[in-house]
Amino acid sequence: MCAGGMIKTANAQEKTWCVAKPSSTDAELSANLEFACGHVDCTTIKPNGPCFNPNTFINRASVAMNLYYSFHGRNLWNCDYQKSGLITETDPSYGTCQYA
């Protein structure tokens, strides 16, 4: 402990997720979906998938973006999406939709 907080070691990694910025346009979200789903399996956001609802661009893009981010090692650059991605330490999972 140091000054009332925990000391983080170099190998201690916080769990992070990649989501779409709320200010993203539909065009940006659509491009992000196309890119991410071209590189990872996006079955989870298809109809009857656990992350299909709510069926909104921002929800589906966030799930897809995080799948890509997680699959490729959670590097900062894997969540950039031309500045429309946002890394969060708050788990965005909901209901049956569990973010990796």
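Scope of the values below: all heavy atoms of this structure, side chains included, with no hydrogens, waters or symmetry mates.
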*Test side chain to side chain contact (heavy atoms under 4.5 Å, CB included) on Val63 and Cys97 and set out the steps.*
CA-CA 9 Å; Val63 172; Cys97 181; 4.0 Å; yes
Please say yes or no: joined through hydrophobic side-chain contacts below 4.5 Å, possibly via intermediate residues, are [X] and [Y] part of one cluster?
{"X": "Leu76", "Y": "Phe71", "result": "no"}
{"X": "Tyr81", "Y": "Ile58", "result": "yes"}
{"X": "Ile87", "Y": "Leu67", "result": "no"}
{"X": "Leu33", "Y": "Phe52", "result": "no"}

*Side chains of Pro50 and Tyr94: closer than 4.5 Å at any heavy-atom pair?*
no
*Close side-chain approach of Ser70 and Tyr99, heavy atoms under 4.5 Å*: no
*Please say whether more than 12 non-hydrogen atoms of neighbouring residues, nucleotides or ligands are located less than 6.0 Å from CD in Gln98.*
yes
*asked:* Please check: side-chain N/O of Asn75 versus main-chain N/O of Trp77, any donor-acceptor pairing under 3.5 Å?
replied: no
_Set out, in order, the CA-CA distance, both residues' side-chain angles and the distance that settles side chain to side chain contact (heavy atoms under 4.5 Å, CB included) for Asn32 and Ser84, then state yes or no._
CA-CA 9 Å; Asn32 295 352; Ser84 64; 2.9 Å; yes
What's the shortest heavy-atom distance between [X] and [Y], and which atoms?
{"X": "Asn55", "Y": "Arg60", "answer": "OD1-NE, 3.0 Å"}
{"X": "His72", "Y": "Asn78", "answer": "O-OD1, 3.1 Å"}
{"X": "Cys51", "Y": "Asn59", "answer": "O-ND2, 3.1 Å"}
{"X": "Met65", "Y": "Gly85", "answer": "CE-CA, 3.6 Å"}

Enumerate, atom names and distances included, each donor-acceptor pair closer than 3.5 Å involving a side-chain atom of residues 16-23, sequence neighbours excluded.
{"residue": "Thr16", "atom": "OG1", "partner": "Tyr69", "partner atom": "OH", "Å": "2.6"}
{"residue": "Trp17", "atom": "NE1", "partner": "Ala100", "partner atom": "O", "Å": "3.3"}
{"residue": "Lys21", "atom": "NZ", "partner": "Lys83", "partner atom": "O", "Å": "3.0"}

*Going through the distances and angles, do Lys15 and Asp91 end up as a side chain to side chain contact (heavy atoms under 4.5 Å, CB included)?*
CA-CA 8 Å; Lys15 180 77 172 184; Asp91 186 351; over 6 Å; no
*Measure the spacing between OG1 of Thr56 and CG of Asp26 and express it to the nearest 0.5 Å.*
9.5 Å
